[in-house]
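Everything on this sheet refers to the single structure shown next.
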There are 2 protein chains.
Amino acid sequence: MAIKERKEREKQEMRNLIIESATQLFLKQGYDKTSIRSIADDIEYSPATIYLYFKDKDEIFYVIHENAFDILDKHLRQHDGIADPFERLGALGRTYIQFGIENPDYYDLMFIMRAPMEQIKNEEKWKAGECAFGYLLTTLSDCLEQGKIRQADLYVTGIQVWSYVHGLVSLYVRERMCILMQPDDVTRQILHSSFDLFLANLKT
Amino acid sequence: MAIKERKEREKQEMRNLIIESATQLFLKQGYDKTSIRSIADDIEYSPATIYLYFKDKDEIFYVIHENAFDILDKHLRQHDGIADPFERLGALGRTYIQFGIENPDYYDLMFIMRAPMEQIKNEEKWKAGECAFGYLLTTLSDCLEQGKIRQADLYVTGIQVWSYVHGLVSLYVRERMCILMQPDDVTRQILHSSFDLFLANLKT
DNA sequence: GCATTTACTAAACAGTGTTTATTATATTCA
DNA sequence: TGAATATAATAAACACTGTTTAGTAAATGC
């Protein structure tokens, strides 16, 4: 009976179809304007059908949030080849900031919005987040071992680095960097300069 | 004709009534669950009446956002008496973090949510934000003058400090600090430790 | 070929922010 | 004071939202 397998495959294909449509609409118009009805319209099914494949809207955006982490991961791992951990740390930070600037809606879903985190409460662990943070910790651990950065607790240092770049990106994404009263490209440049300064202060 | 003045006063009183009700409901149940209808119910007027005093929901929350800045301002100015600017900087940071932890909904409105910023687009300037940031810059300027912290551009240093504390608080408020897998009070302690470390790294 | 399971949807429910047309009250002016 | 006007408040509707329920049509199992 290969029917069961085919059905399972079809179910997965339908989920993918929904996610693809939702992702495209989300990146075009944001979370709030991406309604279940608009996704249903786009894939030419009734709104109720979507609820046969996803528990609720949050679950859809939880999957998109996971996909976004995969994309960020790919970006970050481009720097795997950099031998010097401090240089690698710098590359990671710059790539993280760049990712946030270029993909504000993804960034929102990953690190700002409450929607995907509601899902996580039913799962106990924020796997995607821990994976990305773990990757940062690895590099920081190398830096500490080789005495490239000031000695401190690994986790505290990790929180320090992440909080810093997140602060930069999230203030930018949620339009608080307007206090600088600079055009967008200058503001982005300031984000990068600030990070460079931060790195310099971290160095031994 | 004192009638005009009385009418103006009554109009302002009604606005205050709406804001008081909205604030109380917002702090109890958050932005999304604070509907125009629930405010109307609370003040015993019809929902349409609210639109005679405020353009839309965003305008109401813009006013609450301004009030929140006044509250934060009062907290920060408690440290006006600290003579040493570096010590004052530390006090400001700790108070800012504490404010965010203790008033997550206010913090949300001030520094994370898009709602109040929509209003600001019609006003050109984010007065509340600039005022608070200006207060930070003053202290930083004193630190730089007295050579208490590493020399760098004032604005870049300001962005650096603000981004850092904002990163800490916003990751906490939006529940991303769960990666630490620590109970809430320990997580809060880590926020403060991270800030202390940051300050130490900034010192000359 | 028939019973059962699966896939899908129309319609409804309970909300939301906001606007419009209408009514009741208060003010102005002859 | 009484009619005309301006103001304040609202009921009801509009156009949405996420989600559930009940019913239908097709695919599957026996």
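This is a predicted model, so every value here is computed, not measured. Sequence lines set the chain letters: A, B, ... in the order given, protein chains first and strands last, and positions in each chain run from 1.
Going from atom CG of B/Asp58 over to atom P of C/dG17 covers 11 Å, rounded to whole Å. One can place NZ of A/Lys57 at 15 Å from P of D/dT20, the figure rounded to the nearest angstrom. To the nearest angstrom, C1' of D/dT17 lies 12 Å from CD1 of A/Ile39. In this structure, the CD1 atom of A/Ile36 is 17 Å from the C1' atom of C/dA12, given to the nearest Å. Computed from coordinates, the B/Lys33 NZ to C/dT16 P distance equals 11 Å when rounded to whole Å. One can place CD of A/Gln29 at 10 Å from P of D/dT17, the figure rounded to the nearest angstrom. Per the geometry, CG belonging to A/Asp41 stands 14 Å off C1' belonging to C/dT9, to the nearest Å. If you measure from atom CG of A/Leu17 to atom P of C/dC8, you get 11 Å, rounded to the nearest angstrom.
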Pairs: protein N or O with nucleotides 5-10 of chain D N or O, under 3.5 Å:
residue, atom, partner, partner atom, Å
D/dA9, OP2, B/Tyr53, OH, 2.5
D/dT10, OP2, B/Ser46, N, 2.9
D/dT10, OP2, B/Thr49, OG1, 2.5

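Among the protein residues, A/Thr34 comes within range of the sugar-phosphate backbone only, with heavy atoms under 4.0 Å from sugar or phosphate atoms but none that close to a base. At the heavy-atom level, A/Asp32 lies nowhere under 4.0 Å from the strands shown.
Ionic pairing of B/Asp108 and B/Arg174 is present here: one or more N-O contacts between side-chain nitrogen and carboxylate oxygen are shorter than 4.0 angstrom. With respect to the salt-bridge test (charged N to carboxylate O, under 4.0 angstrom), the residues A/Glu175 and B/Lys121 qualify.
The 12-atom threshold is exceeded at CD of A/Glu10, counting heavy atoms of other residues, nucleotides or ligands nearer than 6.0 Å.
If B/Arg37 and A/Ser35 are placed on DNA chain D by their nearest nucleotide, the residue sitting closer to the 5' end is B/Arg37.
A cation-pi arrangement, defined by a distance under 6.0 Å to the six-membered ring centre and an angle within 45 degrees of its axis, is present between A/Arg77 and A/Tyr135. Remark: A/Lys55 fails to qualify as a cation-pi partner of A/Tyr62 under the 6.0 Å distance and 45° angle criteria applied to the six-membered ring.
Remark: the backbone N or O of A/Met117 is not paired with any side-chain donor or acceptor of B/Arg176 at under 3.5 angstrom.
Each of B/Phe111, B/Phe133, B/Tyr106 was checked for a ring-ring contact (aromatic ring centres under 6.0 Å, His included) with B/Phe69, and the lone residue meeting it is B/Phe111.
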